[in-house]
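This structure is a prediction, so every number in the text was calculated from the model and none was measured.
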Amino acid sequence: MKKWAADMLLVFKNLSMQKKMIYAFSIPVIIICIMINLVCYHIISRNYEERLRYSVNQSCEQAGAFVLNYIENMYYTSALISNNNKVEDVLSSSDFGAERELDEQYREFWKLNDIFQAIALSNPSFRIGLYVPDSLIYSSNNYYFYPESSLKSRKDYKELMKKVAKEKAYFSLIDETVPSNPSRLETNVALFKAINILDEQGKEKAYICKVEIPVTDLEKILQKSKNTQSGLAYILDAGGNLLVSSDENSIKEMYDAGVLPGAKVKSWSEWKAGGTDYYVVWQTVDESSWQMFSMIPVSKFHQQISFIWLIILIIIVVISIAVIIISFLLSRYYVGRLAKLNHKMKTLKSGDLNVGFPMQPELPGDEIDEIFVNFNYMTEEVRRLMREHYKLGKNVMSAELKALQAQINPHFLYNTLDLINWGAMDYGAQQIAEIAQNLGQFYRLSLNHGKNAILIENELKHVEAYVKIENVHFDGAIRLKTEVSEEIRSKACLSIILQPFVENAILHGIAKHPEIKECNIKISAVKEAQELIFHIEDDGYGMEEEQVAQILDNSSSNGYNGYGVKNINFRIKLCYGDKYGISYDSIPGTGTTVHIRIPLMEYEELEEILK
């Protein structure tokens with residue numbers, strides 16, 4: 001166990017800092033999340049199961065209440081018939097049921113029909129009727145009156161009469177034709193009740209009335225009481241006979257097979273019927289001794305609980321993914337800065353001086369260990385070299401400018417060129433005057449009052465003055481085109497960074513190759529975010545790839561007074577940073593394009609940097 005723990009500790013120690021942070025943060029959080037969700041699942045599932053059981057019980061009780069309401073109304077309607085004085089008067093007549101004239105029977109029929117019709121109108125949900133002697137002409141009316149023989153032919157006639165004799169109601173199923181549609185047979189649940197009469201001779205007679213309701217009405221109640229689509233519900237009478245069911249075919253098949261649960265089954269006990277496990281909910285319907293059962297498939301019941309588990313599982317997965325992503329982002333944020341600092345120190349060690357100084361170390365560990373090793377090796381040497389190189393670069397640039405300025409007395413030069421200009425104009429030598437004027441502007445912009453920063457507008461004028469002077473030598477064969485917006489012209493750049501490349505285009509083009517009759521040069525500038533890129537294009541002979549690759553390493557001074565390409569590239573990087581400088585695109589026989597990338601700056605901003 002100890003060896004295993006030691007091995008795990010060693011593996012963990014050898015991981016990168018970022019992986020350690022991800023594991024240390026995400027694993028405990030995910031474990032806590034799983035534990036919390038499992039506890040929540042246990043609580044929610046128990047609560048949900050209790051609520052589901054409560055809902056099923058409530059549905060069954062509500063269905064029982066509806067059924068009981070029908071039963072009570074059937075009792076009430078039967079009482080209206082049996083306790084009706086007019087009905088008793090007719091039935092107690094000594095000649096009721098005897099052979100009489102047809103007109104007397106018809107009067108008796110209309111009298112009873114009016115009574116039953118009034119009762120039926122006040123209770124439209126039920127069908128009512130009275131069993132009368134077969135000898136009466138209206139005994140086969142089958143609307144409100146039925147022959148006694150049809151009652152005596154029932155298999156349960158003895159049981160029926162036994163119960164009604166004790167002044168109890170008897171419930172049973174009856175298949176009858178619908179009075180409004182004799183071609184259709186309808187199954188009803190009927191309540192039978194005796195009407196006990198003393199005739200005029202004091203002899204007791206009993207007539208049976210009935211109140212019935214279509215089975216379909218009760219079926220609707222049972223169907224609505226089901227909590228699941230595959231659930232079952234049914235009602236048994238006091239004798240255990242099937243009265244009503246929510247699914248006639250399947251429940252009748254189970255009933256005939258004897259697999260349906262009977263009375264006194266404990267609610268929420270499990271019962272297997274038809275190859276399916278059910279939960280059974282049972283209750284007695286008062287006033288009738290009916291037993292109502294509701295059967296819920298166990299699988300469907302637990303399916304609801306499984307859905308909760310699926311949701312909990314999805315929550316765990318989503319939270320785990322979110323925790324891993326967050327831990328990855330956080331670790332990358334914190335470790336990334338250390339890794340970047342480590343990378344900078346490695347770059348500094350390799351000789352790149354354009355990196356910032358690293359922070360002082362505090363505590364060792366992982367990526368930081370590597371940073372400490374590099375830092376201890378480099379810090380003193382890098383600081384010394386950076387100071388020396390920076391000072392050397394500033395001194396070289398300053399010395400070169402001062403040497404150039406020392407060679408020329410600005411005031412003496414300007415005054416002399418003005419004298420030449422005015423003298424040439426006095427003698428009508430216009431070309432000499434223009435040369436003197438352009439030369440004066442060229443040197444005025446070159447010297448720039450000893451400043452290194454210049455407006456781009458003036459830098460372009462410096463190039464234009466140079467081209468005008470060269471055109472005197474080449475008889476106007478040099479064509480210069482500038483495409484620089486007014487916005488860019490108002491910005492600033494280092495002085496003398498464009499003219500040397502124009503001079504190279506002339507010297508290595510039309511000057512070196514007499515067969516070239518004209519030289520086209522185009523200077524353009526574009527903005528890219530906060531950067532400015534100059535493009536200097538010519539249509540000269542171009543260069544091979546080897547020449548392009550070596551040009552910045554060429555130590556010769558091809559530009560004006562020693563301001564060669566390497567010098568300009570060095571000044572740009574020294575001033576702006578290593579990401580800025582010069583690049584070439586050249587196609588032999590087609591021409592060359594020079595790209596100069598510098599930051600977009602105002603004049604005051606550049607002056608502040610150059611101080």
Side-chain angles (χ1 to χ4, degrees), residues 8 11-12 15 18-64 219-234 245-251 253-254 259-261 265-283 292-333:
M8 290 299 295
V11 171
F12 185 78
L15 292 174
Q18 184 173 7
K19 289 183 179 179
K20 285 182 180 179
M21 291 182 68
I22 292 174
Y23 294 150
F25 175 76
S26 59
I27 292 177
V29 173
I30 291 173
I31 291 175
I32 293 172
C33 170
I34 292 174
M35 293 177 64
I36 292 175
N37 277 277
L38 289 177
V39 172
C40 290
Y41 167 74
H42 179 70
I43 295 172
I44 293 173
S45 60
R46 284 190 59 186
N47 185 55
Y48 185 81
E49 184 175 347
E50 290 176 0
R51 287 181 176 273
L52 195 57
R53 288 176 182 264
Y54 176 78
S55 176
V56 171
N57 289 330
Q58 286 295 104
S59 297
C60 293
E61 289 179 6
Q62 188 176 26
E219 286 177 350
K220 290 176 182 178
I221 295 174
L222 296 183
Q223 288 170 356
K224 290 180 180 180
S225 70
K226 297 191 304 179
N227 289 79
T228 60
Q229 188 174 3
S230 55
L232 303 175
Y234 59 95
S245 65
S246 60
D247 188 342
E248 182 178 357
N249 294 329
S250 60
I251 294 179
E253 184 178 344
M254 294 181 189
V259 296
L260 286 179
V265 174
K266 185 179 179 181
S267 285
W268 292 104
S269 60
E270 288 193 34
W271 189 276
K272 192 175 186 67
T276 305
D277 292 326
Y278 293 92
Y279 284 124
V280 180
V281 180
W282 170 86
Q283 64 175 338
M292 190 170 72
F293 296 84
S294 182
M295 299 172 64
I296 304 97
V298 174
S299 60
K300 294 295 181 181
F301 184 85
H302 289 294
Q303 187 177 6
Q304 307 291 330
I305 308 298
S306 300
F307 181 70
I308 298 175
W309 167 244
L310 178 62
I311 293 175
I312 294 293
L313 184 62
I314 292 173
I315 291 173
I316 292 174
V317 171
V318 170
I319 291 177
S320 299
I321 293 173
V323 167
I324 292 172
I325 292 174
I326 292 171
S327 62
F328 172 77
L329 295 176
L330 288 175
S331 63
R332 188 175 67 172
Y333 171 73

query: Can you check side-chain contact (heavy atoms from CB on, under 4.5 Å) on Ile31 and Val29, steps first, answer last?
result: CA-CA 5 Å; Ile31 291 175; Val29 173; over 6 Å; no

Report the distance from atom [atom1] of [X] to atom [atom2] of [Y], rounding to the nearest 0.5 Å.
X	Y	atom1	atom2	answer
Asn47	Leu52	CG	CG	11.0 Å
Ile319	Ile324	CD1	CD1	12.0 Å
Ser320	Asn37	OG	CG	8.5 Å
Trp282	Met292	CH2	CE	11.5 Å
Phe25	Phe328	CZ	CZ	14.0 Å
Leu38	Leu313	CG	CG	10.0 Å

Heavy-atom closest contact ([X] atom, [Y] atom, distance):
X	Y	result
Tyr234	Pro261	OH-O, 2.9 Å
Val323	Ser26	CG1-CA, 3.6 Å
Ser225	Ser59	O-CB, 3.5 Å
Tyr41	Ile312	CB-CG1, 4.0 Å
Ile251	Ala233	CD1-O, 3.4 Å
Ile308	Ser45	CD1-CA, 4.5 Å

- prompt: Any donor-acceptor pair under 3.5 Å linking the side chain of Gln283 with the backbone of Cys60?
  reply: yes

task: Run the ring-centre check on Trp268 versus Tyr279 and record whether the distance is less than 6.0 Å.
output: yes

message: Taking atom CD as the centre, does Gln223 end up with more than 12 heavy-atom neighbours from other residues, nucleotides or ligands that are less than 6.0 angstrom away?
response: yes

task: Verify the neighbour count for atom CD of Glu253: are there more than 12 heavy atoms of other residues, nucleotides or ligands below 6.0 Å?
output: no

- request: Check the pair Phe293 / Val280 against side-chain contact (heavy atoms from CB on, under 4.5 Å), numbers first and verdict last.
  value: CA-CA 7 Å; Phe293 296 84; Val280 180; 4.1 Å; yes

- prompt: Do Ser294 and Leu232 pass the side-chain contact (heavy atoms from CB on, under 4.5 Å) test, and can you show the C-alpha distance, the side-chain angles, and the key distance before you say yes or no?
  reply: CA-CA 6 Å; Ser294 182; Leu232 303 175; over 6 Å; no

message: Can you confirm whether Leu330 sits close enough to Ser327 that some side-chain heavy atom of one is under 4.5 Å from a side-chain heavy atom of the other?
response: no

query: Less than 4.5 Å apart, any side-chain heavy atom of Glu50 and any of Tyr54?
result: no

